[in-house]
Amino acid sequence: MKNLKIKNLDEKDIRNLKEIKTIELEEMKLQDLKILKVKIEIAIKNIEK
């Protein structure tokens, strides 16, 4: 992600940026959980073999 030079941000803009960051983090957590789920499923299949 590029570093942006931002000037003259008002409070609303700052709130919006924080919300965007929170959404990105939540999506990352969901992705991590999906990966973990697949790894657990593979491990269970391997144990069953």
Side-chain angles (χ1 to χ4, degrees):
M1 200 167 160
K2 291 181 185 174
N3 289 336
L4 302 174
K5 289 184 181 176
I6 301 171
K7 296 178 190 168
N8 304 326
L9 276 182
D10 64 18
E11 202 169 309
K12 185 177 172 227
D13 291 333
I14 293 169
R15 258 199 312 271
N16 287 341
L17 285 172
K18 284 181 182 174
E19 283 176 26
I20 290 167
K21 197 71 187 155
T22 303
I23 290 167
E24 284 177 3
L25 289 172
E26 286 172 3
E27 286 174 357
M28 282 173 55
K29 284 181 200 167
L30 280 175
Q31 197 62 37
D32 290 346
L33 288 173
K34 287 176 188 169
I35 292 166
L36 184 59
K37 179 180 176 237
V38 170
K39 286 183 178 180
I40 291 170
E41 288 170 350
I42 292 169
I44 290 170
K45 284 179 189 168
N46 289 338
I47 290 169
E48 289 173 346
K49 284 182 184 176

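Note that these values count all heavy atoms, side chains included, but never hydrogens, waters or copies made by symmetry. Please read all numbers here as calculations on a predicted model, not as lab measurements.
We find that Glu41 and Lys37 are joined by a salt bridge, their nearest charged nitrogen and carboxylate oxygen being less than 4.0 Å apart. Taking the charged nitrogens against the carboxylate oxygens, Arg15 and Glu19 have no contact shorter than 4.0 Å, which rules out a salt bridge.
Between Leu36 and Asp32, every side-chain heavy-atom pair lies at or beyond the 4.5 Å cut-off. Between Ile35 and Lys39, some side-chain heavy-atom pair lies under the 4.5 Å cut-off.
For Ile20, the side-chain contact (heavy atoms from CB on, under 4.5 Å) partners at least two apart in sequence or on another chain are Glu24.
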